Amino acid sequence: MQNDNSTKISLDILTGLCKRRGFIFQSSEIYGGLNGFWDYGPLGTELKNNLRDAWWQDMVRSPPVGPDGEVVNILGLDSSIIQNPRVWEASGHVGGFNDPMSDCRESKSRYRADHLVVYLPQSGDGHGFACLTGNEADAEKRIRKQAKADPSAYKVIPFPELPAADLARIWGPDATGPGTLTEPRQFNLMFKTFIGAASGEDNLAYLRPETAQGIFTNYKHVVDTMRVKLPFGIAQIGKSFRNEVTPRNFIFRSREFEQMELEWFCHPDEAQKWYDFWVAERLKWWESLGIRADYLQRRDHDPDELAHYSTACADVEYRYGFTDPEYGELEGVAHRGDYDLTQHQTFSGTKLEYFDQETNTRVLPHVIEPSSGLTRGVLVLLNEAYREEFVPKGETEGGPIEAIPGSQPPEGYEKRVVMRFAPRLAPVKVAVFPLLKNRPELVEKAKAIHADLRRDWAVDYDQTGAIGRRYRRQDEIGTPFCVTIDFDSLEDDTVTVRERDSMHQERVAIADLRAWLHNKGL
RNA sequence: GCGGGUGUUGCUUAGUGGUAAAGCUCCAGCCUUCCAAGCUGGUCACGCGGGUUCGAUUCCCGCCACCCGCUCCA
């Protein structure tokens, strides 16, 4: 990716800033860390909570107007992370990911171990040959050619029953020599845990790999208690856990992550209409947060990549710097049909049909699922916000000049790093400074304004060092406004409000400050 | 999971078989009337565990984490 993009930044820079400024730390770092887990520091927590709250506000409390011009109805839920293990049998998560696999180091092929059989010499010595069940002729051919022996001198056993010590003398199906197959390994998507103090297989449980199933299992409760009519939605935000084979790319793919999921229940005849609506709506929502439109795209899944439960799926993708090709998933909007409710109806024996009073008919609703990664959203916000700029030394006339990340400023300029978060999402909204810290009257007034503003917003107070340094500190954590109390403030009760992006300053009466900030998007 | 690379303070680097230096950051004081100024002082590091050795941050082994590629990916 050598193109155009002067603002492309590396994950190294972002990871460094997140650590340096208290956004995101490696989990349990003092013990050497843990692959695939991350902790959110004070500012990362604020940022993540702000994104979470924006989603909740815009999806649950004040959702968009539907395609018919009617306000849609969406209700909130918070189901437990650990659920009856049968939930995951019904959902298809148990079973689908439990097959032991063996890799060939030479051919890079991966085989399901229960699909392989091994020809072993009756004599006990010499090479053995593995093949896929159904391809026995292939193995026998190789016995004649490679071992110059008759297949009848061999016994056939299932690959999983082969002692690990014998792997060294086995030829893989696609290998040109022995000893290339790895010991069969279990790939378990779900984290296992045990309920109760005594552990054993009979009290096995799982940490949920998605929040969606908790919605389906509560669907009937919501229908019965909340006087809802089709169509309606149930929304949930929470942690999910997946034993990813390869956690990579900072918080993009981690083993513990957070989802914001909506399950939209509707009449089967209307499902396509709602699918189209939600795909478009979700793309618009990310743009409304200030994400550059040319960094977002809709990608419809090909029929052959659809999951078993899904009849259509479209992703909202973002142009991360590291995903290949170029764009990577941020949110998936899936048309799940009636798969989930059918499964849970079958497995639980509980009727999950919706009874329509007006038409006197029963129907199993179809489901459209916009499911986005909250923690992936945080990564997108960080990536979108990061800028390096050149500023003339000692003054701000003309404002900052956008720079290529990692480049050095020309003579007379210095670099500033600024996080251009939308005010709504910024972890700190306002910082309050006395111009000088050794003038008690300035300090006192600044502290009073700080104490007042913090009733409404996350507000920093800083009196350390030169004023310019304090501005730059706030730039780097993305604080949109800084308020400075100077000697004029003591005379006329006005303050300087300095804007992060333009670095412009404006004189505002203290009495108007709260309203002024509100008008700027806080 | 495979292959390659990396690991000294918050960051960037220096260095050594005798437990570590510098710049920036950070903290305190002085100073400072709006964009990382200056002066003085200060805190903080050899990823973890073994081995060799009188002594290991340095040499050896194992592990862990991170980065790149492959693989995988609801």
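Every chain is numbered from 1 and lettered A, B, ... according to where its sequence line falls, protein lines coming before strand lines. It should be emphasised that the depicted structure is a prediction, and the values quoted were computed from it without experimental measurement.
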### Message
Regarding D501(A) and R387(A), does a basic nitrogen lie under 4.0 Å from an acidic carboxylate oxygen?
### Response
no

### Message
Say we look at U57(B) and A45(B): how far apart would their C1' atoms be, to the nearest angstrom?
### Response
10 Å

### Query
Considering Watson-Crick and G-U wobble pairs with both distances under 3.5 Å, what does A20(B) pair with?
none

### Task
Could you tell me the separation between the CD atom of E244(A) and the C1' atom of G1(B), rounded to a whole number of Å?
14 Å

### Query
Nucleotide by nucleotide, 5' to 3', does protein get under 4.0 Å of the base (B), only the sugar-phosphate (S), or neither (-) in nucleotides 28-40 of chain B, counting heavy atoms?
-S-BBBBBBS---

### Message
Over 60° means perpendicular and under 30° means parallel, so tell me whether F216(A) and F265(A) are parallel, tilted or perpendicular.
### Response
perpendicular

Identify every side-chain donor-acceptor pair in residues 461-480 of chain A under 3.5 Å, counting partners at least two apart or on other chains, and give the distances.
unit_1: Y461(A); atom_1: OH; unit_2: Q463(A); atom_2: OE1; d: 2.8
unit_1: D462(A); atom_1: OD1; unit_2: T464(A); atom_2: N; d: 2.9
unit_1: D462(A); atom_1: OD1; unit_2: T464(A); atom_2: OG1; d: 3.3
unit_1: D462(A); atom_1: OD2; unit_2: R473(A); atom_2: NE; d: 3.2
unit_1: D462(A); atom_1: OD2; unit_2: R473(A); atom_2: NH2; d: 3.1
unit_1: R470(A); atom_1: NE; unit_2: T464(A); atom_2: O; d: 3.2
unit_1: R470(A); atom_1: NE; unit_2: G465(A); atom_2: O; d: 3.3
unit_1: R470(A); atom_1: NH1; unit_2: P434(A); atom_2: O; d: 2.7
unit_1: R470(A); atom_1: NH1; unit_2: D462(A); atom_2: O; d: 3.2
unit_1: R470(A); atom_1: NH2; unit_2: L435(A); atom_2: O; d: 3.2
unit_1: R470(A); atom_1: NH2; unit_2: G465(A); atom_2: O; d: 3.0
unit_1: Y471(A); atom_1: OH; unit_2: T484(A); atom_2: OG1; d: 2.9
unit_1: R472(A); atom_1: NH1; unit_2: E414(A); atom_2: OE2; d: 3.4
unit_1: R473(A); atom_1: NH2; unit_2: T464(A); atom_2: O; d: 3.4
unit_1: Q474(A); atom_1: OE1; unit_2: T479(A); atom_2: OG1; d: 2.6
unit_1: Q474(A); atom_1: NE2; unit_2: D460(A); atom_2: OD2; d: 3.4
unit_1: D475(A); atom_1: OD1; unit_2: R416(A); atom_2: NH1; d: 3.3
unit_1: D475(A); atom_1: OD1; unit_2: R498(A); atom_2: NH1; d: 2.7
unit_1: D475(A); atom_1: OD2; unit_2: R416(A); atom_2: NH1; d: 2.8
unit_1: D475(A); atom_1: OD2; unit_2: R498(A); atom_2: NH2; d: 3.1
unit_1: E476(A); atom_1: OE1; unit_2: R21(A); atom_2: NH1; d: 2.9
unit_1: E476(A); atom_1: OE2; unit_2: R20(A); atom_2: NH2; d: 2.2

#### Entry: Strand partner of G49(B), provided both Watson-Crick or wobble distances fall under 3.5 Å
C61(B)

Between protein and nucleic acid, restricted to nucleotides 60-64 of chain B and to nitrogen or oxygen atoms under 3.5 Å apart, what atom pairs and distances do you find?
unit_1: C64(B); atom_1: O2'; unit_2: G32(A); atom_2: O; d: 3.2

### Query
Mind checking what makes salt bridge (Lys or Arg N to Asp or Glu O under 4.0 Å) contact with E261(A), not counting sequence neighbours?
none

### Query
Got a salt bridge between E444(A) and R439(A), using NZ or NE/NH1/NH2 to carboxylate O under 4.0 Å?
no

### Message
Under 4.0 Å, heavy atoms only, any strand: does R500(A) hit a base, just the sugar-phosphate, or nothing?
### Response
nothing

### Query
Taking atom C1' in both C64(B) and G55(B), what distance in whole Å separates the two?
27 Å

### Message
Using whole Å, what does the distance between atom C1' of nucleotide C66(B) and atom CG of L11(A) come to?
### Response
11 Å

### Task
For the pair E369(A) and H335(A), evaluate side chain to side chain donor-acceptor pair (under 3.5 Å) and give the outcome as yes or no after the intermediate values.
CA-CA 6 Å; E369(A) 177 195 80; H335(A) 186 328; over 6 Å; no

### Query
Taking the P atom of each, how far is C73(B) from G5(B), in whole Å?
28 Å

### Query
Is there a Watson-Crick or G-U wobble partner for C2(B) with both distances under 3.5 Å, and if so, which one is it?
G69(B)

### Message
Between C27(B) and G10(B), how far apart are the two P atoms, rounded to whole Å?
### Response
15 Å

### Message
Measure CG/D12(A) against C1'/G7(B) and give the value in whole Å, please.
### Response
13 Å

### Message
Using modelled atom types and a 3.5 Å cut-off, is there a donor and acceptor pairing between side-chain atoms of Q213(A) and backbone atoms of E210(A)?
### Response
no

#### Entry: Stepwise side chain to side chain donor-acceptor pair (under 3.5 Å) check, N383(A) with Y318(A)
CA-CA 10 Å; N383(A) 197 67; Y318(A) 177 76; 2.9 Å; yes

Contacts under 3.5 Å, N or O only, protein and nucleotides 9-11 of chain B:
unit_1: C11(B); atom_1: OP1; unit_2: K19(A); atom_2: NZ; d: 3.1

### Task
Answer with base, sugar-phosphate or nothing: what part of the nucleic acid does R336(A) contact at a heavy-atom distance below 4.0 Å?
nothing

### Query
What do you reckon, are the aromatic ring centroids of F347(A) and W88(A) less than 6.0 Å apart?
no

### Query
Expressed as a whole number of Å, how far does the P atom of G1(B) sit from that of U13(B)?
30 Å

### Task
Measure from NZ or CZ of R376(A) to the centre of the six-membered ring of F252(A) and say whether it is under 6.0 Å with the direction within 45° of the ring axis.
yes

### Query
How far does the P atom of U52(B) sit from the matching atom of C61(B), given to the nearest Å?
15 Å

### Pairing partner (Watson-Crick or G-U wobble, both distances under 3.5 angstrom) of U32(B)
none

Under 3.5 Å donor-acceptor pairs involving side-chain atoms of residues 253-260 of chain A, not counting sequence neighbours:
unit_1: S254(A); atom_1: OG; unit_2: E256(A); atom_2: O; d: 3.2
unit_1: R255(A); atom_1: NE; unit_2: E244(A); atom_2: O; d: 3.2
unit_1: R255(A); atom_1: NH1; unit_2: N35(A); atom_2: O; d: 3.1
unit_1: R255(A); atom_1: NH2; unit_2: E244(A); atom_2: O; d: 2.8
unit_1: E256(A); atom_1: OE2; unit_2: K239(A); atom_2: NZ; d: 2.8
unit_1: E258(A); atom_1: OE1; unit_2: K48(A); atom_2: NZ; d: 2.9
unit_1: Q259(A); atom_1: OE1; unit_2: T211(A); atom_2: N; d: 3.0
unit_1: Q259(A); atom_1: OE1; unit_2: S240(A); atom_2: OG; d: 2.8

### Y320(A) side-chain N/O to E329(A) backbone N/O, donor-acceptor pair under 3.5 Å
yes

### Task
Give none if G55(B) has no partner; otherwise give the nucleotide forming a Watson-Crick or G-U wobble pair with it, both distances under 3.5 Å.
none

### Message
Strictly by Watson-Crick or wobble contacts shorter than 3.5 Å, is anything paired with C27(B), and which nucleotide is it?
### Response
G41(B)

### Nearest-0.5 Å distance that lies between atom CG in L341(A) and atom CD in E263(A)
9.0 Å

### Query
Using purine N1 to pyrimidine N3 plus N6-O4 or O6-N4 for Watson-Crick, or N1-O2 and O6-N3 for G-U wobble, each under 3.5 Å, what pairs with A14(B)?
none

### Task
Can you tell me the distance, in whole Å, between the CZ atom of F252(A) and the C1' atom of C66(B)?
18 Å

### Task
Considering only atom C1', compute the distance from C44(B) to C24(B) and round it to an integer number of Å.
14 Å

### Query
Given the P atoms of G3(B) and G42(B), what is the spacing between them in whole Å?
50 Å

